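To keep things clear, I will list the structure first and then write my remarks on it.
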Amino acid sequence: MVRKFNIPYLKELGNRYYVEGQPEIFHVSADMLKMNTIDVILISNYDSFLGLPFYTETTGFNGKIYVTEIAYQYGKLLMEEMLEFMERIEVRQPDKNWKKEEVCGKFPNPPFQNPVEWRPFYTTRDMHSCLTKVITLSFNQTIDIFRLKVTPVVSGHTLGSAYWTIKTDNETIAYLSASNPNATDVKKMEMAPLRNVDYILATSISRLIDTTAQNMGINLIRTISDVLKNHGSVLLPMCPIGPIFELIEAVSDVIQSTNGISLDTPIYFISPVAKSAIAMASISAEWMSDSRQNAVYLPEEPYIHNNLIRSGRLKIYDSLYGKFSKEFRTPCVIFASHASLRVGDAAHMVEVLGSDPKNAVIVTDPDLPVEDVREPFRTLPIKFINIPMDFRMDFGTMERLLADMKPRYVLCSSFYTRPLVLRRLDLQIIYEKLWPIEYDETVQLAKLTKNKQKLVKVSVHPDVVSSLKFKQHPTRKVAIASVACYLSAYNDDFKLVPAKANIAKKKYGKITLSKVLTELRSRHLDVKQEENTKETSLWIQSLETRITFNRFGNRTKIQANKEENRQKILEIFKSFLVEDDGIVGRVDKK
């Protein structure tokens with residue numbers, strides 16, 4: 001029994017223990033990522049946008065965030081919705097006693113991760129601070145980041161979703177996040193930038209097995225139709241943007257065209273950002289498929305939501321309170337957040353509809369196991385049905401894409417290099433040159449290609465150019481000039497800049513034992529020569545100086561009791577050298 005812990009905020013539901021308090025989030029530790037060393041974050045879709053403040057606020061991050069314009073707008077709506085849900089929770093924040101191993105470790109349903117590492121959701125202030133770091137881009141808009149050319153390209157996954165190409169002077173890398181070459185409702189994925197790239201970093205692949213998102217969509221509509229014909233209501237806990245727009249249209253068509261379903265069956269869309277999401281969808285035609293773009297020029301709206309609202313078939317509410325509680329009737333179809341059923345209006349609607357077994361909750365999020373979502377409500381008669389809608393490309397599509405694009409190497413999580421299901425070798429990434437990446441592993445791309453040479457572009461300051469004095473090359477028909485300047489290398493940006501002080505010109509030439517002996521004797525200095533297997537030394541008695549040459553002739557050492565004697569020998573050595581005037585290909589003086 002939960003009472004044995006003597007912790008008042010622990011509650012028992014169906015032999016499972018739960019904490020009554022503000023929801024907390026488990027995310028990859030920002031300390032492990034060392035956010036203060038990161039210059040740029042590339043966001044691929046609005047789902048990824050939601051978690052940004054966990055990594056950009058109070059972590060030392062001082063860089064920039066790049067994302068497409070529409071993904072930014074929709075991501076901002078998701079942030080605002082989640083913050084509204086959190087603000088509605090009035091339960092006082094419990095202490096951390098329940099997180100002790102001797103407590104939570106004895107739950108019938110112990111946490112999957114260490115709850116000590118869970119964190120409260122970010123604040124509205126954190127969100128606004130994070131948004132100040134965001135720079136929005138258009139598709140195919142190339143920007144220079146530390147000499148890297150970075151471009152967002154249409155990925156076909158959701159509205160505004162992008163994969164990224166990163167070009168250096170020598171190589172091209174494609175970060176292939178959630179993508180879909182078979183998209184039907186958003187802009188079609190652009191394939192050309194992937195052709196013959198050097199590296200593809202592949203992530204976020206569909207979890208569907210032996211089916212497609214289109215087939216799951218047909219199954220979803222059929223299930224909704226069956227529940228409604230049985231005079232039940234349907235709750236769809238899902239994100240208020242993206243696939244919901246098309247699904248509302250499909251549900252409306254089912255109600256209108258199916259015998260046995262009342263034509264006045266209402267469709268409810270409940271979210272604090274529902275009105276903004278509908279308005280955004282109506283003006284986002286340029287991010288949609290060609291067919292929806294063409295509707296704008298007829299002229300028609302890309303979606304029929306506004307027509308449904310005007311006819312009273314689609315009803316929009318900010319929350320369950322106020323007007324909704326007075327106008328609510330069944331049977332109906334309800335779209336509400338959050339998909340996890342731990343916060344938001346959808347969780348409360350399960351309680352409202354839960355006593356009738358004719359009603360159904362349809363879980364469509366592919367990343368949320370239906371049994372985990374249902375757990376707090378499993379004593380209720382309402383049905384829970386799992387129909388995951390995953391619009392990311394599957395393993396078969398990925399294999400065909402890689403065979404067509406022919407990258408030099410494919411990098412991915414080691415998770416994708418093992419079959420998703422036992423004995424299903426087709427449910428993994430298959431490619432000849434595949435590099436699996438382990439958790440917290442750093443990969444140096446140069447180790448893959450074994451190419452240690454790197455070509456870089458170097459810009460030249462105008463003052464350096466103006467001081468050049470060109471000469472005829474001694475053996476070729478070209479003009480050359482020596483350059484006296486500094487090479488500035490910062491953030492992989494290379495520049496030749498004027499020197500702030502005179503640069504001593506280097507001297508070159510060969511110093512040999514025979515040359516030194518000849519010169520010393522010409523100056524009437526008595527020299528004693530000594531040799532062994534490793535070196536040859538010359539002892540000059542009058543100067544009390546020893547000159548040592550190694551046996552390879554590439555290292556010379558001068559040892560003298562007086563500095564003035566050492567300088568005399570050094571002057572002799574300098575007499576063998578000539579000043580470098582920048583002429584290349586000169587024949588050395590003998």
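Not measured: the values here are computed from a predicted model.
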So with a 6.0 Å cut-off around [atom1] of [X], is the heavy-atom count from everything else above 12?
| X | atom1 | result |
| --- | --- | --- |
| Lys11 | NZ | yes |
| Arg3 | CZ | no |
| Lys4 | NZ | yes |

Can you name the ring pair (Phe, Tyr, Trp, His ring centres under 6.0 Å) partners of [X], sequence neighbours left out?
| X | value |
| --- | --- |
| Phe5 | Phe107 |
| His128 | none |
| Phe49 | Tyr72 |

Close side-chain approach of [X] to [Y], heavy-atom, < 4.5 Å:
| X | Y | result |
| --- | --- | --- |
| Val254 | Val251 | no |
| Lys34 | Asn36 | yes |
| Phe377 | Leu13 | no |
| Cys104 | Pro110 | no |
| Tyr122 | Met79 | yes |
| Ile334 | Leu353 | yes |
| Cys130 | Tyr55 | no |
| Glu87 | Glu84 | yes |

Exercise for the section: For the pair Asp210 and Arg424, evaluate salt bridge (charged side-chain N to carboxylate O under 4.0 Å, His left out) and give the outcome as yes or no after the intermediate values. Expected result: CA-CA 11 Å; Asp210 297 332; Arg424 287 293 302 271; 2.9 Å; yes
Handout entry: Aromatic ring proximity His157/Phe391, centre distance under 6.0 Å
Key = no
Handout entry: Aromatic ring proximity, centroids under 6.0 angstrom, Phe269 and Tyr317
Key = no
Please tabulate, for side-chain N and O atoms in residues 218-242, each donor-acceptor pair with protein atoms closer than 3.5 Å (sequence neighbours left out).
| unit_1 | atom_1 | unit_2 | atom_2 | d |
| --- | --- | --- | --- | --- |
| Thr223 | OG1 | Asn219 | O | 2.8 |
| Ser233 | OG | Cys332 | N | 3.0 |

Smallest separation among heavy atoms of [X] and [Y], with atom names:
| X | Y | result |
| --- | --- | --- |
| Asp318 | Arg88 | O-NH2, 3.3 Å |
| Tyr66 | Ile145 | CE1-CD1, 3.7 Å |
| Met82 | Phe121 | CG-CZ, 3.2 Å |
| Ser161 | Ser155 | OG-OG, 2.7 Å |
| Ser204 | Ser177 | CB-C, 4.4 Å |
| Val116 | Arg119 | O-NH1, 3.0 Å |

Would you say the side chains of [X] and [Y] form a donor-acceptor pair under 3.5 Å?
| X | Y | result |
| --- | --- | --- |
| Glu190 | Asn140 | yes |
| Glu69 | Gln73 | yes |
| Ser252 | Arg313 | yes |
| Tyr9 | Asp95 | yes |
| Asp126 | Ser129 | no |

Handout entry: With Asn6 via side-chain contact (heavy atoms from CB on, under 4.5 Å) - residues at least two apart
Key = none
Exercise for the section: Check step by step if salt bridge (charged side-chain N to carboxylate O under 4.0 Å, His left out) holds for Arg342 and Glu24. Expected result: CA-CA 11 Å; Arg342 296 302 185 269; Glu24 294 185 335; over 6 Å; no
Practice task
Show your reasoning for whether side-chain contact (heavy atoms from CB on, under 4.5 Å) applies to Val67 and Leu137.
Solution key: CA-CA 6 Å; Val67 64; Leu137 304 174; over 6 Å; no
Practice task
Any pair with a residue in residues 267-277 that passes side-chain hydrogen bond (donor to acceptor under 3.5 Å, both in side chains), sequence neighbours left out, goes on the list, sorted by first then second residue, please.
Solution key: Glu81-Ser271
